[in-house]
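This report refers to the structure that appears directly beneath it.
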Amino acid sequence: MDINVQQMIFQFIGGLGIFLFGIKYMGDGLQKVAGDRLRDLLDRFTRNPFLGVLSGALVTALVQSSSTTTVLTVGLVNAGFMSLRQAIGVIMGANIGTTMTAFIIGVDIKAYGLPILAVGAFLIFFFKNKRVTYLGQTIFGLGSLFFGLELMSGGMKPLRSLEAFQELTVSMSHNPILGVVIGTLFTVIVQSSSATIGILQGLFGEGLISLQAALPVLFGDNIGTTITAVLAAIGASVAARRAAFVHVIFNVVGTTVALILLVPYTAYVDWLRGALNLEPEMTIAFAHGSFNILNTIVQFPFIAVLAWIVTRLIPGDDSTIEFKPQHLDPIFIEQSPSLALDQAKEEVIRMGEYAYKGLEETSLYLNNKQKKHSEMAMQIEEAINNLDRKITDYLVSLSQASLTDEDSHKHSALMDSVRDIERIGDHFENIIELIDYKNSNKIDLTEQALKDLNDMLDLTLMTVQQATKSLENMDREEALAVVQKENELDRMERSFRKKHIIRMNEGVCSGQAGIVFVDMLSNLERIGDHAVNIAEEVLGEKESL
C-alpha cells in the first residue's frame, strides 16, 4: 500500500508539474506568435467596456492566463492608454477567456498527449523559421498539458478506495463553503485556475466527486486566481492596486451570488449535461464557462459602481505616465502649419520633461536600489519612444505643407531635437541595465566612484532640464549655459576616468566595477552631447549633419 501511495503522489505532482509547464509554454508560444499585437488589441478595442470584455476574453484565450491579461491591462492603465472603467471590462473578459483551457481539456484527446508533444518537438528542433518554432512551442505546450492531465488522472484513480477522501467529498456536498475554501486555497498554491479546473475535471471524470461538491470548488478557483494580480500589485501604483482589487471584488461577488443560487445552478448544469449529451470533463467546462459569462452579464451594468468602490477603497492620485501625445491635432497641418508647428513643439517639450524625469528615476535607482524607480524609468523610456514615433510622423506630414523660411528652420530644429531626446532615453536605459548588472552580480562601487557618479548625474540632470527650457523659450542665455555645462561634463568624465585608473592600480577597485563605472560615465557624457545639440538648435549654430 505504501508503494501505491508513493506512486500515486509522484504521478499526481509530476503530472501537475507537466500540466503547469504546458499551460505556461503554450501561452508563451502563442504570445510570441502574436507579438506586440496583443497589447495593441487591448489598446485599440477598449474604447467602450463591451469591446473591453471581448478583447479581454480573446487575449486571455490566446495567452491561456487571466493573470497575464490582468498584468498587461494594469500596464496599459499605468501608461494612460486605458481608464479604470475600460480596464474593468477587460478583467471581466479575462475571466471568460480563461475558461478556454477547460474546454480544451474537455475534448477527449488526452491519450494523444505524447504524439502532440512529438509534433511540437519536431517543429522546434527541425525548423529555423522563428514563427514555425513558436508554433512548435505552442503545440508542445498543448501536448504537455494533455500528458500532464493523463498522469494526474492516473494518480487520482486510487483515491476512490481512500475512506478519508470519500468523507471529504461528502462533506463538500453538504457544505459548499468548504468546497469554495478548498478551490481557493489550491488555486493560490499552484497559481493557476486552469490546473484546479483540470484536476476537478479529472476527479469528476473518474466519478470521484459529485456535481454538487464540484461546483463550489469551481467557484473558489475563481477567487484563488485573483491572488496573482494581488501579488503583482503589492508595492505597485495606485492604478495597479485598483485593477487587482476589482478582480477580487468581481470574483467574490460572483461566487457569493452563485452560492446563494447553488441549487438552481446545479439543476441548470445537470440539464445542460443531458441536453447536450456532455462528457463529464466537458460538463465541468460548460459549468465554468456559464458561471463566468453569467457573472459578467450580471455585473457588467455596474462597471461604474465597481470603479467608484475601488477608487474609494484605494484613494490617492496615480502617477501615470501619459504615453499618448496631447497636442498633435492633424487638422492644423492643413489649416495652419504654423500652429501645427507650435503643437509639435509643445509635445517635444513634454518629451524633454520625460527625459529629465527618466534620468531622475535612474539616479534614485542607483542610490537606493528600489525596483520601482527602474520600472518607472523604463516606462518613461517607452513613453519617449512612443512620442518620438508620433511626433516624427506628425512632422513628416507637416513637411508636405507650405512653410515659411522661418517655419522651415523651426521644423528642422524640432526634427533634430526629437531625435536627440529619444537618444537621451536610450542612454538612461543603458545606465539602468548597468545598475541591474551591478546589483545582480553584487558588484560594489567605491564610495569615491559613487560620489563621482552622483556629481556627474546631478550636472547631467541640470543640463537636460536647461536644454529643454532653452528650447521652450528659445532662450539663448539658457542655451549658452547648456554648452558651458556640457564642457564641464566632458572635463568631469576625463578627470573621473583618470581617478578610476589610479584606484584600479592601487587595487581599491575591481575590474568589473571599473567597467560598469566607465560605461556609466560614457552614457552620461553622451546625454550631455545630446543636450548640447538641442541648445545649439536654439543658438542656430548646429551644423547640418
Side-chain angles (χ1 to χ4, degrees), residues 351-370 373-374 376-381 384-385 388 416-439 441 443-471 478-504 509-536:
M351 205 175 155
E353 285 163 0
Y354 272 164
Y356 174 80
K357 180 94 175 87
L359 193 56
E360 195 175 40
E361 293 291 336
T362 305
S363 174
L364 288 167
Y365 184 45
L366 172 69
N367 290 296
N368 64 26
K369 299 181 182 177
Q370 288 179 6
H373 295 302
S374 72
M376 180 60 86
M378 296 308 278
Q379 223 176 356
I380 289 168
E381 209 279 322
I384 289 172
N385 287 343
D388 168 43
D416 288 343
S417 298
V418 166
R419 191 181 59 218
D420 282 309
I421 296 169
E422 193 276 328
R423 293 295 295 134
I424 290 172
D426 291 344
H427 286 299
F428 73 65
E429 182 183 15
N430 291 346
I431 297 171
I432 292 279
E433 285 166 5
L434 286 163
I435 300 168
D436 282 338
Y437 176 78
K438 176 181 87 70
N439 293 346
N441 290 286
I443 298 166
D444 289 321
L445 296 175
T446 62
E447 262 184 61
Q448 186 57 52
L450 203 56
K451 184 187 177 303
D452 290 350
L453 261 180
N454 276 312
D455 286 349
M456 196 160 169
L457 257 166
D458 290 344
L459 187 59
T460 310
L461 274 164
M462 286 163 65
T463 310
V464 170
Q465 190 175 39
Q466 214 158 14
T468 307
K469 259 195 191 150
S470 73
L471 182 67
E478 291 270 25
L480 287 166
V482 171
V483 176
Q484 259 185 325
K485 284 187 172 66
E486 202 275 330
N487 290 335
E488 176 63 13
L489 280 172
D490 287 349
R491 191 197 59 73
M492 264 186 173
E493 196 218 6
R494 287 192 298 272
S495 159
F496 293 164
R497 272 177 188 264
K498 281 176 189 166
K499 283 160 74 177
H500 154 69
I501 290 164
I502 293 165
R503 285 196 297 273
M504 289 267 286
C509 175
S510 72
Q512 271 189 311
I515 292 166
V516 168
F517 177 73
V518 168
D519 278 357
M520 284 188 192
L521 289 183
S522 296
N523 276 289
L524 288 171
E525 192 270 329
R526 295 293 296 129
I527 289 172
D529 289 346
H530 290 294
V532 151
N533 288 348
I534 296 165
E536 284 178 349

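We number each residue from 1, following the sequence as shown.
- Each of Lys451, Lys499, Arg503 was scored for a side-chain contact (heavy atoms from CB on, under 4.5 Å) with Thr446, with one residue passing: Arg503.
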Check the pair Lys485 / Glu488 against salt bridge (charged side-chain N to carboxylate O under 4.0 Å, His left out), numbers first and verdict last. CA-CA 5 Å; Lys485 284 187 172 66; Glu488 176 63 13; over 6 Å; no
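- Smallest separation of non-hydrogen atoms from Ala377 and Gly358: CB-O, 3.9 Å.
- Of all heavy-atom pairs spanning Ala467 and Ile534, the tightest one is O-CG2, 3.7 Å.
- Within the 4.5 Å cutoff, side-chain heavy atoms of Leu524 are placed close to those of Leu457.
- The environment of NZ in Lys469 is sparse: at most 12 heavy-atom neighbours from other residues, nucleotides or ligands sit within 6.0 Å.
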Would you sort out whether Ser470 and Glu536 count as a side chain to side chain contact (heavy atoms under 4.5 Å, CB included), showing the intermediate values? CA-CA 10 Å; Ser470 73; Glu536 284 178 349; over 6 Å; no
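- Distance check: Tyr354 OH to Asp388 CG gives 14.5 Å after rounding to the nearest 0.5 Å.
- In this structure the side chain of Leu471 reaches within 4.5 angstrom of the side chain of Ser417, judged on heavy atoms.
- We find the CD-CZ distance between Glu525 and Arg491 to be 13.0 Å, quoted to the nearest 0.5 Å.
- The side-chain heavy atoms of Tyr356 and Glu360, taken from C-beta on, include a pair separated by under 4.5 Å.
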Given Leu489 and Asp529, is the side chain to side chain contact (heavy atoms under 4.5 Å, CB included) satisfied, shown in steps? CA-CA 9 Å; Leu489 280 172; Asp529 289 346; over 6 Å; no
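- Here the side chain of Asn454 pairs a donor or acceptor atom with the backbone of Leu450 at under 3.5 angstrom.
- Evaluated for a side-chain contact (heavy atoms from CB on, under 4.5 Å) with Met520, the options Val516, Asn523, Val518 yield exactly one hit, Val516.
- When each of Asp455, Asp452, Thr460, Asn487 is tested with Met492 by the rule side-chain contact (heavy atoms from CB on, under 4.5 Å), just one qualifies, namely Asp455.
- With values rounded to the nearest 0.5 angstrom, Glu433 atom CD is found 11.0 Å from Thr362 atom OG1.
- Taking CG from Leu453 and CD1 from Ile435, the interatomic distance works out to 8.5 Å, rounded to the nearest 0.5 Å.
- Residues Phe496 and Phe517 come closest through the heavy atom pair O-CE2, 3.8 Å.
- For the pair Ile421 and Val464, the minimum side-chain heavy-atom distance is 4.5 Å or more.
- Between Asp426 and Ile384, the closest side-chain pair of non-hydrogen atoms is not below 4.5 Å.
- Each of Ile432, Asp519, Ile515, Ile443 was compared with Tyr437 under the side-chain contact (heavy atoms from CB on, under 4.5 Å) criterion, and only Ile443 meets it.
- With rounding to the nearest 0.5 Å, the separation of OG in Ser374 from CD in Gln379 is 11.0 Å.
- For the residue pair Lys438 and Leu366, the shortest heavy atom distance occurs at CE-CD1, 4.3 Å.
- No side-chain heavy atom of Arg419 sits under 4.5 Å from any side-chain heavy atom of Asn533.
- Judged purely by atom type and a 3.5 angstrom limit, Asn368 uses its side chain to pair as donor or acceptor with the backbone of Gln370.
- A distance-only check finds no donor-acceptor pair linking the side chain of Ser363 to the backbone of Leu359 [under 3.5 Å].
- Rounding to the nearest 0.5 Å places CG of Leu480 at 10.0 Å from CD of Gln466.
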From CA spacing to verdict: side chain to side chain contact (heavy atoms under 4.5 Å, CB included), Asp420, Val532: CA-CA 9 Å; Asp420 282 309; Val532 151; over 6 Å; no
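- Salt bridge present: Glu361 and Lys357 bring a charged side-chain N and a carboxylate O closer than 4.0 Å.
- Side-chain contact between Arg526 and Asn430 is absent, with no heavy atoms from C-beta onward closer than 4.5 Å.
- Here the closest heavy-atom approach between residue Glu422 and residue Met351 is recorded as N-CE, 3.9 Å.
- For the residue pair Ala531 and Thr463, the shortest heavy atom distance occurs at CB-CG2, 3.7 Å.
- Residues Glu353 and Gln465 are not in side-chain contact: their nearest non-hydrogen atoms beyond the backbone lie 4.5 Å or more apart.
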